[in-house]
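Just follow the structure's listing: the first ligand is 1, and inside any ligand the first atom is 1.
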Amino acid sequence: MIATLDDLDAAGTVVGLRVDINSPVDADGRLLDDSRIRAHVGTISSLLERNARVALLAHQGRPGGDSFTTLEPHADRLNELLDAPVEYVDETHGTSARAAIADLTDGTCVVLENTRFYSEEYMEFDSADAATTHLVERLAPVLDVYVNDAFAAAHRSQPSIVGFPHVLPSYAGQVMERELAVLDDIESTTCPRTYVLGGAKVSGSIDAARDVLERDLADTVLTAGVVGNVFLVADDHDVGKASTDFIYDQGYWDEIDRAAALLEEYGDRIEYPRDVAVERNGDRVELPVGEMPPADDEPAMDVGTETLAAYEEILEESETVILNGPAGVYENETFAEGTQSLYRAAATVETSIVGGGDTASAMNALGIDGFTHVSTGGGAALALLTGDTLPAVCALDNAPVS
Ligand SMILES: Nc1ncnc2c1ncn2[C@@H]1O[C@H](COP(=O)(O)OP(=O)(O)OP(=O)(O)O)[C@@H](O)[C@H]1O
Ligand SMILES: O=C(O)[C@H](O)COP(=O)(O)O
């Protein structure tokens, strides 16, 4: 049984709080979306109001990636959102970081620097070995307890996620608690239950599709995005050179056989696009499957209106819908129609659960709300829906009791 904040005597306690505020940023590192930062305000405020002393741990981006930046903008945004003072230190476990933690007073918070600025954080360990990393060995002695609120990174067995629970009394934060309560209990939702698997996480989506079909969790799986294109190819349709090259370049070519095997076994419960919207000289041109392939330089960027009509009919008959990943390249307004229409239809279903950091950002960008639950996690939500045990949850489950 995982301990929660209800079990923590917070007053005067130095709390190492791991959150996931990994956010879209522009070329200058400015925040483009603060959904994940806002999602953690409840947990942070609750601890500060109870006079805890909070050291915030988080990652931003991946080494070498475009969004691999400092957490200073995140600390500035938290300062705007929280009533209590939020400091920032440009270190994670060095002397300045430990001094900043020692200087905390009741009800104050310091944001430590991006955990992934240190190479060990981007490696995977079991909980015991993670506890021997520099990050954990240097920070644990200056912390009293650890709280993990970073559901969106819960599928990563990295030191800041699984190391501290091996050596400190540990608790789930409010986001972690809420996400597990919803996503780890899909069985209790009512049927017919439809899954919409879109976006670009093809391997995880096919894992999830197989799992929910094998476990009879899904009455229907609707595919869209790159996932939908892979299923089109798996059923011997030619999506055109541009999208075929994209699938290959993303390393998803082997997924086509896995998708074909799923169609073979569960074809009556899997839907893929009947038409796609391709980009032709910058315009949106819809092509029914029977008229494909498009020209070599015309990528399939969205699902078409015929597909949307068919999918929306299935959603109208559904009692529960779980969605992960957008239907198309929603960042480009010309190809946002599929995501907008499909997610608006999904929001009218009795129980609607949205997974995915990108998907949640898409919902905000497109002004779509009304869902029962919007997860902060993409890969983590998919892993949970696939029946995987999340390393973060396993570590919390085995943590020493305070
Ligand atoms: N047909 C398509 N071709 C190429 N890219 C697509 C297509 N459809 C959707 N995408 C891209 O998929 C990306 C989002 O997919 P992803 O699976 O990462 O979503 P997510 O799980 O909600 O996000 P995350 O887990 O990364 O927070 C978007 O950037 C979008 O542009
Ligand atoms: O954005 C996410 O999915 C989480 O923050 C995990 O990030 P990662 O995929 O870079 O580990």
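Looking at ligand 2, you won't find any N or O of Tyr122 less than 3.5 Å from one of its N or O atoms. For ligand 1, the polar-atom distance check finds no N/O of Tyr330 at less than 3.5 Å from any of the ligand's N/O atoms. Taking only nitrogen or oxygen atoms, main chain and side chain alike, Glu331 reaches within less than 3.5 Å of ligand 1.
With a 4.0 Å cut-off on non-hydrogen atoms, Gln158 does not touch ligand 2 at all. The proximity of Leu382 to ligand 1, defined as any non-hydrogen pair under 4.0 Å, does not occur for either the backbone or the side chain. When heavy-atom distances to ligand 2 are checked against a 4.0 Å cut-off, Arg116 comes that close only through its side chain, counted from C-beta outward. Under 4.0 angstrom from ligand 1, there are no non-hydrogen atoms of Ser243.
With Glu113 contributing its side chain and Leu71 its backbone, the two residues share a donor-acceptor pair below 3.5 Å. Ser318 contributes no side-chain N or O that, together with a main-chain N or O of Arg193, makes up a donor-acceptor pair within less than 3.5 Å. Side chain of Glu279 to main chain of Pro299: no donor-acceptor pair is present (N/O by atom type, distance under 3.5 Å, no hydrogens or angles). In terms of modelled atom types and a separation under 3.5 Å, the side chain of Arg116 and the main chain of Gly61 share a donor-acceptor contact. Within the 3.5 Å criterion, the main-chain N or O of Glu271 finds a donor-acceptor partner in the side chain of Thr223.
The contact set between ligand 1 and Gly379, taken as ligand atoms under 4.0 Å from a residue heavy atom, comprises 25 (O). Close approach to Ala200 involves these atoms of ligand 1, each under 4.0 Å from a residue heavy atom: 12 (O), 15 (O), 16 (P), 17 (O). Every atom of ligand 1 with a heavy atom of Asn324 under 4.0 Å away is listed here by number and element: 21 (O). Less than 4.0 angstrom separates some heavy atom of Arg62 from each of these atoms of ligand 2: 8 (P), 9 (O), 10 (O). Taking a cut-off of under 4.0 Å to the non-hydrogen atoms of Pro326, the atoms of ligand 1 that pass are 14 (C), 15 (O), 19 (O). In the vicinity of Thr359, heavy-atom distances shorter than 4.0 Å reach the ligand 1 atoms 20 (P), 22 (O). Atom numbering of ligand 2 starts at 1 in the shown order; those under 4.0 Å from a heavy atom of Arg156 are 8 (P), 9 (O), 11 (O). Counting atoms of ligand 2 from 1 in the listed order, those under 4.0 Å from a heavy atom of Asp20 are 4 (C), 5 (O). For ligand 1, the atoms sitting less than 4.0 Å from at least one non-hydrogen atom of Gly378 are 21 (O), 25 (O), numbered in the order shown with element in parentheses. Counting the atoms of ligand 1 from 1 in the order shown, those under 4.0 Å from a heavy atom of Met301 are 1 (N). With ligand atoms numbered from 1 in the order given, ligand 1 contributes 1 (N) to contacts under 4.0 Å with heavy atoms of Asn229.
A salt bridge is absent between Arg258 and Asp254; no separation between the charged side-chain nitrogens and carboxylate oxygens falls under 4.0 Å. Ion pair Arg30/Asp76 not flagged as a salt bridge, since none of the NZ, NE, NH1 or NH2 atoms sits closer than 4.0 Å to an Asp/Glu carboxylate oxygen.
In this structure, the ring of His93 has its center less than 6.0 angstrom from the ring center of Tyr118. Between Phe164 and Tyr146, the distance from one ring center to the other falls under 6.0 angstrom.
At least one heavy atom of Ala152 lies less than 4.0 angstrom from ligand 2.
Between the NE2 atom in His155 and the CD1 atom in Ile161 there is a gap of 9.5 Å [rounded to 0.5 Å]. Arg156 CZ to Tyr122 OH: the interatomic distance, rounded to the nearest 0.5 Å, is 6.5 Å.
Listed by chain and residue number, nothing satisfies the ring-ring contact (aromatic ring centres under 6.0 Å, His included) test with Tyr88 (two or more places apart in sequence, or in another chain).
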